[in-house]
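Have a look at the structure below, then the notes.
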2 protein chains.
Amino acid sequence: MKFESATIKDIALKLNLSKSTVSRALRDSYEISEQTKKLVLEYAKKINYRPNPIALSLKERRSHTIGIVVPEFSNNFFSQAINGMESIAYSSGYNVIITQSHESYDREVINVEHMAYRSVDGLLISVSVETENYDHLKKLHERGLPIVFFDRIVEEIDTYKVVCDNFKGAYDATTHLIKKGFKNIAHITSAEQMFITQKRLEGYRKALEDNKIPFQPQLIKYCVHGGKITSEVEDAITSLFKKKIKPDAILSAGDRITTVMLPVMKKLFSTNHKVAYMGFSNSDLTDLFCPSLSVIRQPAFEIGQAAMEQLIKIIESKRPIKEFNTQIFESSIIIKESTN
Amino acid sequence: MKFESATIKDIALKLNLSKSTVSRALRDSYEISEQTKKLVLEYAKKINYRPNPIALSLKERRSHTIGIVVPEFSNNFFSQAINGMESIAYSSGYNVIITQSHESYDREVINVEHMAYRSVDGLLISVSVETENYDHLKKLHERGLPIVFFDRIVEEIDTYKVVCDNFKGAYDATTHLIKKGFKNIAHITSAEQMFITQKRLEGYRKALEDNKIPFQPQLIKYCVHGGKITSEVEDAITSLFKKKIKPDAILSAGDRITTVMLPVMKKLFSTNHKVAYMGFSNSDLTDLFCPSLSVIRQPAFEIGQAAMEQLIKIIESKRPIKEFNTQIFESSIIIKESTN
DNA sequence: GCTTTAAATGACATCGATTGCGTAAAATAA
DNA sequence: TTATTTTACGCAATCGATGTCATTTAAAGC
């Protein structure tokens, strides 16, 4: 099955003109007489002519398409960020292609390369939890592909980055828990090597320190798959509650971990085990939970917008940009029943 | 900023060969001597040569890319369906491009046309709630673009379709509510013109009929934006509870409506207003709700897989396919506290 | 009536890769 | 030795659109 489209050649043949003339008429060139233009435009409309973007991409080496790679869009933070990106892209005349890495390094490499070699003018990416080697991105970046990182950024590649103040988010949340009287605050977080994991941990530690609560390493649990695999969260929780000093509160880093943690707790402790919960989450549904969940919410839409704006700036700049900054957005903590 | 890649020409120039020879060597043609092949392959590897997919698409009029258009991927049904589609596409050597219509007819038209004219070999689509005119799809379909519909299908276009048994889903859910003793079962549903809305309503009515419960039209409320706008759900609920016969149960059609309905009820009736809830939803979080939610769950992943399989079948078939069928999957009802 | 000049249009190369056809050189057959 | 076949490669067209550089035509100038 093949999908055929009208081309400039069809118009030229029909009207007994050359391809060049038709092309110029369509682009409203001053060199073409009004009469001819009218003729061409009318016929083009009649046969529903559309320029073939593939041919244009080949010629112009531009596709007006931007690639987005996120771990998963069932994660609300990412789907909201994508909405922000789309809003900017569409109003700037760009289209958007989206793929998921499913937290897999291999899939991320495939997607990134497919997009790069397939035409995108630039790339917005939040790396997978597995990604520790950045060669696939470095290589493309060095060869001139504009890249902007958001949320899960790669420190060692010098370009624009857009993140949330993860330190402060975790600091504020931890402080809130401390103020509520919790002393043994566990922190279930994502893979250790991730930049945002480190920042969140720092915020957590600083809050403890500022409140003169000793840091207990055994209260920190890493989930190497970012909570994608339920059992890792289960293992983390099990091992936390095996210790003689049991946590009275849990701070979770990441949407996935937050939402997986709750059913796991329910499953493990059928009785009303009183533990406070607080977590990073952009889900709209946490209010409906039992108990309703206190969360750290990130301005995902705005982060997406900012990242897209920066990327388009790079793409459209005439000369290579040398100075890059990192935009930092504030998250907000929303207090509900789970930390009472 | 431009992103430059090595081309066949670069290799040809360097090795003093013609482009054709290089091309054939890379494709391991029998016409090329082993020696030359080795030379070319080695140099290609050295400079990290990749064929330019844009040029290939132009030439072959095939892109090995499939377009997916869904209303929103924050809707779990769609994100799960997409995962199913990706799994099949990747293992068949296709890449996938995804866009959201955001339940907007205009955006859907733009996305569909962008994809069609941009290169996709085929299209998987679930139409937006606003879409009542199908010309944008008909036009492309008539011109030979392979299209497969899933979930929100378009009846009047003759191609493969993959859906859930919406009639049965609604029938089973309503039957369950009736068996639990509920008599005044309201049905809050999506836009009236949608095929799945009609089927679900039919299932609902049949269940009433089979149980000798009179159908009350005032218990049916349509949300023309499919619940995307909170106020429409609020209005629906308000008007339901204004009547003298108040509903004792609500059956909601659609993920969005289901999850919006609950906070709205909470907001409108702060006291413990005892109403049973049941709804179509593929969210993983409904278990955490207060009360945990009885749902009709659709096999979204499998639906996505099936749709992609059918599409690839059309794309790869040598001769036009004339006979199309509609695959129907069973949904399952999961009983929790909200219908007790 | 012949030259200059502007206006309108066409021919052709280009972007990167593929491919049908043609052909020089080498190998084989007669 | 000459004729034929095989091997190994190059040329050029193609896909759709753009842009440079002619070229034609007509109007204006002398």
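Proteins get letters first, then strands, A, B, ... in listed order; numbering begins at 1 in each. In this text the structure is predicted, and so the values were computed from the model without any measurement.
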Q: Locate the shortest heavy-atom distance separating N133(B) from Y105(B); write the atom from each residue and the value.
A: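 Reported closest heavy-atom pair: O-CE1, 3.5 Å.
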
State whether [X] places a side-chain N or O below 4.0 Å from either non-bridging phosphate oxygen (OP1 or OP2) of [N].
X: Y49(B); N: dA17(C); answer: yes
X: K59(B); N: dA13(D); answer: no
X: K19(A); N: dG19(D); answer: no
X: R61(A); N: dG16(C); answer: yes

Q. Under a 4.0 Å heavy-atom cut-off, which of residues 21-35 of chain A touch DNA chain D?
A.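 Nucleic-acid contacts, sorted: S23(A), R24(A), R27(A).
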
Q.
Please determine whether any donor N or O and acceptor N or O are separated by less than 3.5 Å between the side chain of T7(A) and the base of dA17(D).
A.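 No, the side chain and the base share no sub-3.5 Å donor-acceptor pair.
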
(Q) Can you say whether a donor on the side chain of S20(B) sits under 3.5 Å from an acceptor on the base of dC11(D), or the other way round? (A)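 Such a pair is found, so the answer is yes.
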
Q) Is a side-chain donor-acceptor pair under 3.5 Å present for E113(B) with H136(B)? A)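 The answer is no; no qualifying pair exists.
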
(Q) Check K45(B) with E42(B), please: is the shortest side-chain N to carboxylate O separation under 4.0 Å? (A)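 Looking at K45(B) together with E42(B), the answer is no, because their closest N to O distance does not fall below 4.0 Å.
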
Q) Do F73(B) and F78(B) have ring centres separated by under 6.0 Å? A)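 Ring centroids of F73(B) and F78(B) are no less than 6.0 Å from each other.
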
(Q) For the backbone of T21(B) and the side chain of E31(B), can you confirm whether one donor and one acceptor N or O come within less than 3.5 Å of each other? (A)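 It does not hold such a pair.
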
